[in-house]
Amino acid sequence: MKHNYYIFKSGRLKRKDNTVFLETIDEERKYLPIESIDSLHLFGEIDLNTKLLNYLNSYGIIINFYNYYGYYSGSYYPRKQQVSGYLLVNQVQHYLNKEERLFLAKQFIISGVFHMVRNLRHYENTKEYIETINRELSDIDEVPVIPALMGIEGRIRNVYYSAFNSILKHGFLLNKREKRPPNDPVNVLISFGNSILYSTVLGEIYKTQLDPTVSYLHEPSTRRFSLSLDLSEIFKPLIIDSLIFYTINNKILNLEDFDSKEEICLLSEEGKKKFIKEYEKKLSTTVKHRKLKRSVSYRSFIKLECYKLIKHLIDDELYKPLKAWW
């Protein structure tokens, strides 16, 4: 079984014989069997060389890099082993066709909002927020362009975030969503969690023939894998937000796991490890799939969403985004 490896310490990562070797600055040494690596997540300052990159490339292993604050900054994306010129042409055609692009963009929003409402229904005193969100969502069919769709999504997300204070316990509050930089513990967890999810979605896209740079809700641009942003909209409330509620309300994370420095709030290394531990548990949690008649993990649901998108792009089956039924 393959694993994601999260490396917080600084040091050197290199190929040694037929394995990946980590040597940290405090001289801790660890071998990572290449067959066991799904992806690498580097939070510390790590030196590496082309010999290692070539080795990882042959196994299709993505390296995700995070900055000083723990937020995603980029990936080493190996040469794709799953490619299809036919699919790429169709993927681009669906972007260029305004109606096709708008249809897909709406599906990502509809699924994401479904999971926001699903989260809120688990808690008391959220009925008013749900009603407001549903009113906003009812206008989505009439939206003619992507910017107007993004406007609805933004208003819904503001209402959704304002409901957090009816859910969170133990002194955690979210007054306003702040990204650059996050200035309170809840904003930190949202940004950190979304960063980790973004890299996970990118890793699942890599295993398919989809091109991660051609997207529909978010504008394709240079220097980013925007299809990961699109698909992450579905899973942010389903995985990350529910995990934030769980870790805070069950005191897995507490206010002592955060530090404030020059009006920037930071999640401690221990806090990151706690959150990632629960994140990996969540990804490996399985649910009986109604159509496939077998247990499917949250991680596999991400990959299945990629395959559903592929079927739509090649006119095999209309795309119906995930709406968690469990």
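Heavy-atom basis, side chains included; hydrogens, waters and symmetry copies ignored. Sequence positions, counted from 1, serve as the residue numbers for this chain.
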Engineer: Any chance the side chains of Asn54 and Asn57 put a donor and an acceptor closer than 3.5 Å?
Structural biologist: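 Asn54 vs Asn57: no donor-acceptor pair found between side chains.
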
Engineer: Any side-chain donor-acceptor pair under 3.5 Å between Tyr6 and Glu280?
Structural biologist: yes

Engineer: Listed by chain and number, what are the salt bridge (Lys or Arg N to Asp or Glu O under 4.0 Å) partners of Lys308, not counting sequence neighbours?
Structural biologist: Glu305

Engineer: Does one side chain, of Thr286 or Tyr298, offer a donor that lies under 3.5 Å from an acceptor on the other?
Structural biologist: no

Engineer: Is Glu124 atom CD crowded by more than 12 heavy atoms from other residues, nucleotides or ligands, each under 6.0 Å away?
Structural biologist: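 Open: at most 12 neighbouring heavy atoms sit under 6.0 Å from CD of Glu124.
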
Engineer: Does atom CD of Glu142 have more than 12 heavy-atom neighbours, drawn from other residues, nucleotides or ligands, at distances under 6.0 Å?
Structural biologist: no

Engineer: Looking at side-chain heavy atoms only, is the closest gap between Ile46 and Ile7 below 4.5 Å?
Structural biologist: yes

Engineer: Using only heavy-atom distances, determine whether the side chains of Glu219 and Tyr95 contain a donor-acceptor pair under 3.5 Å.
Structural biologist: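 Yes, side-chain donor-acceptor contact under 3.5 Å.
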
Engineer: Any luck finding a side-chain donor-acceptor pair between Ser36 and Tyr5 under 3.5 Å?
Structural biologist: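 Note: Ser36 and Tyr5 side chains meet the donor-acceptor criterion.
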
Engineer: Could you tell me whether Gln81 atom CD has more than 12 heavy atoms of other residues or ligands within 6.0 Å of it?
Structural biologist: yes

Engineer: Looking at Phe43, Tyr198, Tyr71, which one forms a ring pair (Phe, Tyr, Trp, His ring centres under 6.0 Å) with Tyr66?
Structural biologist: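 Between Tyr66 and the candidates, ring pair (Phe, Tyr, Trp, His ring centres under 6.0 Å) is satisfied uniquely by Phe43.
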
Engineer: Applying the side chain to side chain contact (heavy atoms under 4.5 Å, CB included) criterion to Ile240, which one of Ile196, Leu197, Ile190 satisfies it?
Structural biologist: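 Testing Ile240 for a side chain to side chain contact (heavy atoms under 4.5 Å, CB included) against Ile196, Leu197, Ile190 leaves exactly one candidate, Leu197.
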
Engineer: Within the 4.5 Å heavy-atom criterion, are Leu309 and Leu227 side-chain neighbours or not?
Structural biologist: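 A side-chain contact exists here, since the closest heavy-atom pair is under 4.5 Å.
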
Engineer: Any pair with a residue in residues 115-156 that passes ring pair (Phe, Tyr, Trp, His ring centres under 6.0 Å), sequence neighbours left out, goes on the list, sorted by first then second residue, please.
Structural biologist: Tyr123-Phe245

Engineer: Do the two ring centres, one from Trp326 and one from His289, sit under 6.0 Å apart?
Structural biologist: no

Engineer: Could you tell me whether the side chains of Tyr69 and Ser191 share a donor-acceptor contact shorter than 3.5 Å?
Structural biologist: no

Engineer: Would you say the side chains of Thr19 and Asp17 form a donor-acceptor pair under 3.5 Å?
Structural biologist: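 The answer is no; no qualifying pair exists.
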
Engineer: Compute whether any side-chain donor of one residue and acceptor of the other, for Asp38 and His3, lie under 3.5 angstrom apart.
Structural biologist: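 Side chains of Asp38 and His3: no pair found under 3.5 Å.
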
Engineer: When Val20 is tested against each of Leu56, Leu48, Ile61 for side chain to side chain contact (heavy atoms under 4.5 Å, CB included), which residue passes?
Structural biologist: Leu56

Engineer: Can you give the donor-acceptor pairs under 3.5 Å from side chains of residues 152-167 to other protein atoms, not counting sequence neighbours?
Structural biologist:
unit_1, atom_1, unit_2, atom_2, d
Glu153, OE2, Arg157, NE, 2.8
Glu153, OE2, Arg157, NH2, 3.3
Arg155, NE, Glu136, OE1, 3.2
Arg155, NE, Glu136, OE2, 3.4
Arg157, NH1, Tyr161, OH, 3.4
Arg157, NH2, Glu233, OE1, 3.2
Asn158, ND2, Gly154, O, 3.4
Tyr160, OH, Asn119, ND2, 3.0
Tyr160, OH, Asp241, OD2, 2.8
Ser162, OG, Asn158, O, 3.4
Ser162, OG, Val159, O, 2.5
Asn165, OD1, Leu174, N, 2.7
Asn165, ND2, Leu174, O, 3.2

